[in-house]
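Just so you know, these numbers use all the heavy atoms, side chains as well, and skip hydrogens, waters and symmetry mates.
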Amino acid sequence: MKKKILLIATLLIAFFVFAKVNSNQVEKAFSTINKKIEQSVQDGDIIFQTSQSKQCEAVRIATNSKFSHCGIIYVINGEKYVFEAVQPVKTTLLSEWIKHCEGNKYLVKRLKNSSEILTPEVISKMKNYGKQFDKKDYDLYFEWTDDKIYCSELVWKIYKNSVGIELCPLEKLKSFNLADEKVKKILKERYGNKIPLEEKVVAPSQLVNSTFLETIIDTY
């Protein structure tokens, strides 16, 4: 009986050790892949993710898209970062930003003919223009002002005012799918009965579909 118990215990230990080693190998493999992918991105690329929160879920439903957050990739002192509008607007190390992606999946888009358009001078202009938004509050009400700002608005305005390119046409809030119960709940919480249906907005999904951009990396 003791021999059977010892055998079972040995097998269980062996199983857990194997599982741990295998898990570490998988994690290491993903880490290596991500590092190689990160090396291929460059200044001015736009990165998208599926993030988890009630608001992000509402954004995905309202825009009929899996993408709910985005930012601009910048190279600073040799490191890759994402300039993003969260609470507050900030610069996040790319490797850390990827960890917040649902399933570590993300999409990277690049301006077509970027080598000709996004010169070092233009990239510098983008970074300098964006400084006015650094540390500003995230705009929960999606207003088209510079007082507060949300993620896709930040990307759109930087390209518009620094590069001279409108990545996509602006839409009005009423043009999105607002009939879903989850979306209606968020709108009710934010605006009460005064939903600004005529407000100009830009969503991550619109940027993803921009004809000015091409896909560089897609891990979905």
Side-chain angles (χ1 to χ4, degrees), residues 46-74 81-92 94 96-109 126 129-162 165-210 212-213 220:
I46 304 172
I47 187 166
F48 302 84
Q49 67 170 226
T50 305
S51 45
Q52 296 180 343
S53 72
K54 289 183 179 179
Q55 173 174 297
C56 289
E57 183 182 14
V59 168
R60 295 197 302 271
I61 294 170
T63 60
N64 297 312
S65 171
K66 60 189 171 189
F67 300 107
S68 55
H69 186 51
C70 60
I72 298 180
I73 293 174
Y74 287 144
Y81 292 86
V82 179
F83 187 49
E84 59 174 338
V86 284
Q87 180 52 34
V89 176
K90 64 177 182 175
T91 303
T92 304
L94 176 58
E96 290 299 315
W97 197 89
I98 291 174
K99 289 179 182 178
H100 294 111
C101 301
E102 186 179 78
N104 286 332
K105 295 178 181 179
Y106 54 94
L107 174 73
V108 178
K109 292 264 185 173
M126 292 170 70
Y129 174 81
K131 285 180 180 178
Q132 67 180 294
F133 301 111
D134 193 33
K135 302 296 187 297
K136 280 197 173 183
D137 288 330
Y138 180 83
D139 188 357
L140 289 169
Y141 296 94
F142 304 112
E143 296 176 329
W144 198 253
T145 69
D146 291 344
D147 298 330
K148 297 179 181 180
I149 197 159
Y150 55 92
C151 66
S152 41
E153 179 189 12
L154 178 69
V155 173
W156 194 95
K157 286 183 174 178
I158 287 177
Y159 265 86
K160 164 64 176 177
N161 296 290
S162 303
I165 294 176
E166 294 186 3
L167 292 174
C168 61
L170 299 178
E171 297 283 353
K172 291 184 177 181
L173 184 59
K174 66 181 181 182
S175 67
F176 296 104
N177 174 22
L178 308 182
D180 184 90
E181 289 303 318
K182 292 180 180 179
V183 177
K184 285 163 62 174
K185 183 178 179 181
I186 292 290
L187 292 174
K188 181 71 174 179
E189 290 173 354
R190 296 285 164 80
Y191 306 109
N193 295 321
K194 297 181 179 180
I195 301 172
L197 297 175
E198 299 296 323
E199 186 74 39
K200 291 186 295 184
V201 293
V202 60
S205 59
Q206 292 169 257
L207 297 177
V208 165
N209 295 325
S210 172
F212 289 96
L213 304 175
Y220 281 86

A.B. asks: Run the numbers on Thr91 and Tyr74 for side-chain contact (heavy atoms from CB on, under 4.5 Å), then give the verdict.
C.D. replies: CA-CA 9 Å; Thr91 303; Tyr74 287 144; 5.9 Å; no

A.B. asks: Under the side chain to side chain contact (heavy atoms under 4.5 Å, CB included) rule, collect the residues that match up with Thr50, sequence neighbours excluded.
C.D. replies: Arg60, Lys66, Glu102, Tyr220

A.B. asks: Just grab all the ring pair (Phe, Tyr, Trp, His ring centres under 6.0 Å) pairs involving residues 173-205, residues at least two apart or on different chains.
C.D. replies: Tyr141-Tyr191

A.B. asks: Please tell me whether Gln49 and His100 have a donor and an acceptor in their side chains that are separated by less than 3.5 angstrom.
C.D. replies: no

A.B. asks: Quick check: do Ile186 and Glu57 have side-chain heavy atoms less than 4.5 Å from each other?
C.D. replies: no

A.B. asks: Using atom types as modelled and distance alone, determine if a side-chain donor or acceptor of Gln87 lies under 3.5 Å from a backbone N or O of Tyr138.
C.D. replies: yes

A.B. asks: What's the shortest heavy-atom distance between Cys101 and Tyr106, and which atoms?
C.D. replies: SG-CB, 4.0 Å

A.B. asks: Would you find a donor on one side and an acceptor on the other, under 3.5 Å apart, between the side chain of Asn209 and the backbone of Ser205?
C.D. replies: yes

A.B. asks: Can you name the closest pair of heavy atoms from Val82 and Gly71 and give their distance?
C.D. replies: CG1-CA, 3.8 Å

A.B. asks: Considering non-hydrogen atoms only, spot the tightest contact between Lys200 and Tyr150 and give its length.
C.D. replies: O-OH, 4.2 Å

A.B. asks: CG of Asp139 to CD1 of Ile149: how many Å apart, nearest 0.5 Å?
C.D. replies: 8.0 Å

A.B. asks: Do Ile195 and Leu173 have side chains that get closer than 4.5 Å, going by heavy atoms?
C.D. replies: yes

A.B. asks: Can you name the side chain to side chain contact (heavy atoms under 4.5 Å, CB included) partners of Lys188, sequence neighbours left out?
C.D. replies: Asn193

A.B. asks: Which pair of non-hydrogen atoms, one from Cys70 and one from Val155, has the smallest distance, and what is that distance?
C.D. replies: SG-CG2, 4.1 Å

A.B. asks: Kindly indicate whether the side chain of Ser65, heavy atoms from C-beta on, has any atom under 4.5 Å from the side chain of Pro204.
C.D. replies: no

A.B. asks: With Glu198, which residues qualify under side chain to side chain contact (heavy atoms under 4.5 Å, CB included), at least two apart?
C.D. replies: Lys172, Lys174

A.B. asks: Taking the side chain as C-beta and beyond, is there a heavy-atom pair between Val59 and Phe67 under 4.5 Å?
C.D. replies: no

A.B. asks: Under the side chain to side chain contact (heavy atoms under 4.5 Å, CB included) test, which residues partner Cys168, sequence neighbours left out?
C.D. replies: Trp156, Val202, Gln206, Leu207

A.B. asks: Which pairs count as salt bridge (Lys or Arg N to Asp or Glu O under 4.0 Å) when at least one residue sits in residues 148-162, sequence neighbours excluded?
C.D. replies: Asp146-Lys157, Glu153-Lys157, Lys160-Glu166

A.B. asks: To the nearest 0.5 Å, how far apart are CD1 in Ile47 and CG in Leu94?
C.D. replies: 5.0 Å

A.B. asks: Using the side chain to side chain contact (heavy atoms under 4.5 Å, CB included) rule, pick out the option among Lys131, Met126, Gln132 that qualifies with Tyr129.
C.D. replies: Gln132

A.B. asks: Step by step, work out the side-chain contact (heavy atoms from CB on, under 4.5 Å) result for Leu167 and Leu213.
C.D. replies: CA-CA 8 Å; Leu167 292 174; Leu213 304 175; 4.0 Å; yes

A.B. asks: Taking the side chain as C-beta and beyond, is there a heavy-atom pair between Lys109 and Phe48 under 4.5 Å?
C.D. replies: yes

A.B. asks: Enter the distance from Ser175:OG to Leu178:CG here, rounded to the nearest 0.5 Å.
C.D. replies: 8.0 Å

A.B. asks: First locate atom CG of Leu187, then atom CG of Asp180, and finally report the distance between them rounded to the nearest 0.5 Å.
C.D. replies: 10.0 Å

A.B. asks: Would you indicate whether the side-chain heavy atoms of Thr92 and Val86 approach each other to under 4.5 Å?
C.D. replies: no

A.B. asks: Applying the side chain to side chain donor-acceptor pair (under 3.5 Å) test to Gln55, which of His69, Arg190, Lys182, Glu189 qualifies?
C.D. replies: Arg190

A.B. asks: Can you name the nearest heavy-atom pair linking Gly130 to Ile158, along with the distance?
C.D. replies: CA-CD1, 4.3 Å

